[in-house]
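So the structure is just underneath, and the comments pick up after that.
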Amino acid sequence: MAMIPVCWANVYGSTSMSYVLPSAECDLKLTMFDKGLLNSMSFAGMIITSFLWGFLVDAFGRKHIMVYGFLVTAMCNFTSSFSQASWQLVLFKLIDGIVISGPYAALQSYLAEIHGTQLRAQMYMWLGVLFALGNISLSCLAWLIIPHKWELGSGDGSLTITSWRLFLALCTLPGLTASLALCFFPESPRYLIAQKRHDDALAVFKKIYSINTGKDPETYPVKYLEEEESIKITGVSFKQTLIGSLKQIQPIFLPPNVITLVLTAFIQCGATIGSNTLRLWMPMLFSMIETYDQNHANGPATTMCTKIGSAIYQNSTVSNTTTTEPHCIENVVNSKVYINAIVISVASVIGYMIAKSLVNIISKRILMVICFAGAGVCCGALYWAENSKGILYTSAVFVALSSIGGSIVNNIVVDIFPTALRTMALSVTMVVGRMGAVIGNLLFPVLFELDCLGPFIMIGSVCLVCSTLVIVLPRKKAC
């Protein structure tokens with residue numbers, strides 16, 4: 001149960017801003033590029049400190065990083081709700097990404113070390129389900145809070161607490177709950193053994209044994225822990241350790257491993273450009289579509305680009321023609337915008353359940369090719385879609401397919417790379433994948449303002465390229 005707020009805190013930190021953009025547009029005078037910047041800042045923060053957190057987690061333990069990391073993340077999110085300018089919100093989201101990267105890395109290690117080999121795969125499967133449920137809960141929270149025009153002004157009129165600010169403040173709850181819940185969890189016994197705290201590690205094993213069986217901890221059959229061969233090294237300097245580590249991972253940057261690394265990294269980058277660009281922009285796009293539909297209720301059917309372009313042109317015209325301070329015309333933010341987001345999140349959950357069954361019937365590579373090729377086709381169909389339901393269903397299928405394809409990349413990395421290089425390969429592909437999220441969210445508004453077809457060409461082409469790269473991936477099995 002404690003993993004629910006832990007997973008949701010990660011989801012809320014990286015995704016909450018996409019639900020805020022339609023309502024905060026006028027309050028913070030956001031341009032299209034500002035919106036892309038806000039969507040990408042959490043991922044940019046994760047990139048900056050990804051490798052640093054790996055060292056800190058190994059140095060200070062998994063539990064402490066998670067407890068304090070989620071607490072700081074919650075405080076940062078709460079403070080961001082008081083932002084009075086776009087640059088302040090950008091800064092807070094960058095800090096949030098920097099901080100949340102640590103607890104996320106610690107969580108991955110903690111789950112692997114606290115569970116036995118036979119349960120480890122199941123736990124990571126449940127982890128994916130909890131992340132998907134976190135997206136659904138975030139959509140529900142946005143639906144309940146943001147469409148209401150609640151306003152509470154401060155005494156001097158310097159700050160107005162609007163619904164989107166309240167939503168950001170409430171997004172701190174999973175982080176606070178996760179920090180509190182993890183206080184009652186033990187430290188990773190594997191980490192304690194690495195620190196030569198064998199008595200403490202044995203106490204943790206006894207506690208886990210007692211909870212699982214209901215028996216007295218002293219009846220635990222293991223009475224002492226032997227020191228591992230890998231940590232019997234004494235008198236080794238930091239420089240020698242660093243040189244030894246670099247020599248160990250050197251083969252990953254040499255042929256033929258480097259070719260496989262580049263291919264998998266590009267696939268992960270493309271998958272992230274697809275899923276984490278359009279997914280994060282969907283609430284904003286649906287708000288623009290709703291604005292057009294309400295203003296042209298009896299008008300002829302038209303494409304999605306016409307609807308979105310009309311909403312952008314509406315505010316740019318007002319800004320350019322008025323002689324006084326430009327007046328921002330708010331886009332429609334109603335329950336339908338967030339119900340659509342819920343539908344997309346539910347579609348992803350259903351997609352993952354179907355993929356879970358299919359992966360046992362067809363190979364991972366074939367499934368990835370189908371997902372990326374299907375996502376590319378959906379992206380093209382989305383450009384020509386006219387009906388609101390058609391736009392919604394096509395978007396839902398696209399996000400599900402691109403997300404599933406991206407999630408299988410990590411499994412492919414585990415299959416291809418040998419054990420000694422596997423962790424570094426996963427780290428590199430994840431960092432490059434986050435770069436894809438930053439690039440996609442920054443390019444989306446730039447290309448959109450040039451021509452609406454631009455973002456769809458970018459995302460659709462990237463998905464089709466990913467499907468091609470999967471075909472040429474080496475089929476070498478890990479040692």
Side-chain angles (χ1 to χ4, degrees), residues 1-14 42 45-46 49-78 95-117 119-131 134 171-213 217 220 222 224-225 227-228 230-231 423 426-427 430:
M1 292 299 292
M3 287 299 102
I4 294 178
V6 169
C7 294
W8 290 15
N10 284 280
V11 173
Y12 282 36
S14 62
S42 291
M46 293 177 189
T49 54
S50 288
F51 295 110
L52 174 62
W53 277 118
F55 289 108
L56 293 178
V57 168
D58 288 337
F60 297 101
R62 289 72 166 112
K63 176 181 175 179
H64 290 96
I65 294 294
M66 288 192 291
V67 169
Y68 294 112
F70 284 123
L71 179 61
V72 174
T73 298
M75 294 171 60
C76 185
N77 280 328
F78 182 77
I95 296 173
D96 177 54
I98 290 173
V99 176
I100 199 64
S101 181
Y104 182 78
L107 173 65
Q108 300 296 318
S109 299
Y110 188 82
L111 287 178
E113 296 166 357
I114 205 75
H115 291 95
T117 306
L119 295 176
R120 196 170 295 161
Q122 296 181 27
M123 284 306 304
Y124 279 106
M125 189 178 300
W126 277 110
L127 197 66
V129 173
L130 292 178
F131 276 115
C171 284
T172 64
L173 293 178
L176 292 174
T177 306
S179 179
L180 179 62
L182 289 168
C183 288
F184 300 96
F185 273 53
E187 179 57 89
S188 162
R190 178 64 186 82
Y191 168 76
L192 294 174
I193 293 173
Q195 296 293 314
K196 300 185 179 181
R197 295 165 56 185
H198 296 81
D199 292 340
D200 293 335
L202 183 59
V204 172
F205 283 128
K206 288 181 178 180
K207 183 177 180 180
I208 295 174
Y209 169 79
S210 177
I211 294 173
N212 290 339
T213 63
Y220 184 55
V222 179
Y224 68 94
L225 300 174
E227 189 171 348
E228 292 184 3
S230 59
I231 56 177
T423 301
L426 284 170
S427 298
M430 288 179 66

Closest contact, heavy atoms only, [X] versus [Y]:
{"X": "Leu182", "Y": "Lys63", "answer": "O-CE, 3.4 Å"}
{"X": "Val11", "Y": "Gly134", "answer": "CG1-C, 3.8 Å"}
{"X": "Ala74", "Y": "Thr172", "answer": "O-CG2, 3.0 Å"}

> Rounded to the nearest 0.5 Å, how far apart are CZ of Phe70 and CD1 of Ile100?
Replying inline: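 So the CZ of Phe70 and the CD1 of Ile100 are separated by 5.0 Å.
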> What is the distance from atom OG of Ser42 to atom CD1 of Ile98, rounded to the nearest 0.5 Å?
Replying inline: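 Interatomic distance, Ser42 OG to Ile98 CD1, rounded to 0.5 Å: 10.0 Å.
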>> Given 3.5 Å as the limit, does a donor-acceptor pair link the side chain of Thr73 with the main chain of Gly69, or not?
In response: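 Looks like yes, one N/O pair under 3.5 Å.
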> Okay, side chain of Trp8, backbone of Leu130: is any donor-acceptor separation there less than 3.5 Å?
Replying inline: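 Side chain of Trp8 to backbone of Leu130: a pair is present.
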>> Which residues pass the side chain to side chain contact (heavy atoms under 4.5 Å, CB included) test with Val72, not counting sequence neighbours?
In response: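 For Val72 the side chain to side chain contact (heavy atoms under 4.5 Å, CB included) partners, ignoring immediate neighbours, are Val99.
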> Can you name the residues that form a side chain to side chain contact (heavy atoms under 4.5 Å, CB included) with Ser101, not counting sequence neighbours?
Replying inline: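 Ser101 satisfies side chain to side chain contact (heavy atoms under 4.5 Å, CB included) with Met46, Thr49, Ser50, Trp53, Arg434 once adjacent residues are dropped.
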> Hey, mind stepping through Leu71 and Val67 against side-chain contact (heavy atoms from CB on, under 4.5 Å) and telling me if it holds?
Replying inline: CA-CA 6 Å; Leu71 179 61; Val67 169; 5.9 Å; no
